[in-house]
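One structure below.
Below, all heavy atoms of this structure are taken into account, side chains as well, without hydrogens, waters or symmetry copies.
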Amino acid sequence: MSMQQKIEQSLAALAPQHLSVLDESHMHSRGQETHYKAVLVSEQFTGLNSVKRHQKVYATLGELMGQVHALALHTYTPEEWQKVGAAPASPTCAGGSKH
């Protein structure tokens, strides 16, 4: 099972109405299966600010968080998702290396 599938399987615990996990490792310099973007729409985010939403996702992922370098999170309630309809594009990685 790929890391992407493991993340998707874990996040299913949040009963998402929409879930998209993208492997964005190709945009970065740290190798394969290291950078991900997750778009998650769940009723469980209602009443939570973005920090609390992210903490909920991290807690749900548990030890998987230690196995990825970066996870860009875009969390929405169903009402918010209806308004925006899509998550913003990810920026190009600065690489973290000094040239």
Side-chain angles (χ1 to χ4, degrees):
M1 183 181 307
S2 72
M3 180 59 69
Q4 181 175 349
Q5 291 168 317
K6 289 177 186 176
I7 293 170
E8 289 169 348
Q9 195 173 53
S10 294
L11 293 179
L14 294 174
Q17 292 184 12
H18 174 83
L19 173 61
S20 168
V21 178
L22 301 174
D23 184 345
E24 295 188 333
S25 301
H26 65 280
M27 298 166 53
H28 305 276
S29 60
R30 292 183 181 258
Q32 297 304 305
E33 297 196 358
T34 56
H35 289 71
Y36 294 89
K37 172 181 175 178
V39 180
L40 194 57
V41 179
S42 175
E43 289 282 358
Q44 295 187 27
F45 296 141
T46 302
L48 300 179
N49 65 26
S50 62
V51 171
K52 296 286 186 200
R53 292 176 186 192
H54 290 197
Q55 288 171 339
K56 190 175 195 71
V57 171
Y58 297 147
T60 301
L61 290 173
E63 64 184 41
L64 280 179
M65 282 306 300
Q67 298 174 38
V68 298
H69 175 70
L71 176 63
L73 291 176
H74 301 278
T75 55
Y76 303 93
T77 64
E79 294 76 23
E80 291 166 344
W81 184 247
Q82 270 189 332
K83 290 177 188 159
V84 297
S90 297
T92 303
C93 183
S97 58
K98 296 174 183 163
H99 295 289

Around atom CD of Glu63, are there more than 12 heavy atoms of other residues, nucleotides or ligands at under 6.0 Å?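 12 or below, so no.
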For Gln82, look at atom CD and say whether over 12 heavy atoms of other residues, nucleotides or ligands are found less than 6.0 Å away.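 Count not over threshold, so no.
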Does the Ser25 side chain pair with the main chain of Thr34, one donor and one acceptor, at a distance under 3.5 Å?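 Yes, Ser25 side chain to Thr34 backbone: donor-acceptor pair under 3.5 Å.
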Looking at Thr75 and Arg53, would you say the former's side chain and the latter's main chain have a donor-acceptor pair under 3.5 Å?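 Judged by distance alone, no pair lies under 3.5 Å.
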Does the side chain of [X] reach to within under 4.5 Å of the side chain of [Y], using non-hydrogen atoms?
X: Leu61; Y: Leu71; value: yes
X: Leu73; Y: Leu40; value: no
X: Val41; Y: Pro78; value: yes
X: Gln4; Y: Glu33; value: no
X: Met3; Y: Tyr36; value: yes
X: Leu64; Y: Val68; value: no

How long is the straight-line distance from [atom2] of [Y] back to [atom1] of [X], given to the nearest 0.5 Å?
X: Thr60; Y: Leu14; atom1: OG1; atom2: CG; answer: 4.0 Å
X: Leu48; Y: His54; atom1: CG; atom2: NE2; answer: 11.0 Å
X: Gln9; Y: Leu19; atom1: CD; atom2: CG; answer: 11.5 Å
X: Met1; Y: Lys6; atom1: CE; atom2: NZ; answer: 7.5 Å
X: Gln17; Y: Glu43; atom1: CD; atom2: CD; answer: 5.5 Å

Heavy-atom pair of closest approach, residues Ala15 and Ser42: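 Answer, listing the atom of Ala15 first, then Ser42: O-OG, 4.0 Å.
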Closest approach of Ala38 and Leu11, non-hydrogen atoms and distance?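 Heavy atoms only, the tightest pair is CB-CD1, 4.2 Å.
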Should the ring pair Trp81 and His18 be called parallel, tilted or perpendicular, given that the plane angle runs from 0 to 90° and is split at 30 and 60?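 Judged by the thresholds at 30° and 60°, the geometry between Trp81 and His18 is parallel.
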If you group Ile, Leu, Val, Met, Phe, Trp and Tyr by side-chain heavy-atom gaps below 4.5 Å, do Tyr76 and Val57 land in one group?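 Looking at the clustering, Val57 is in a separate group from Tyr76.
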Cluster overlap Tyr58 with Phe45, hydrophobic side-chain contacts below 4.5 Å: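 Yes, because Tyr58 and Phe45 connect within a single hydrophobic cluster, where side-chain heavy atoms sit under 4.5 Å apart.
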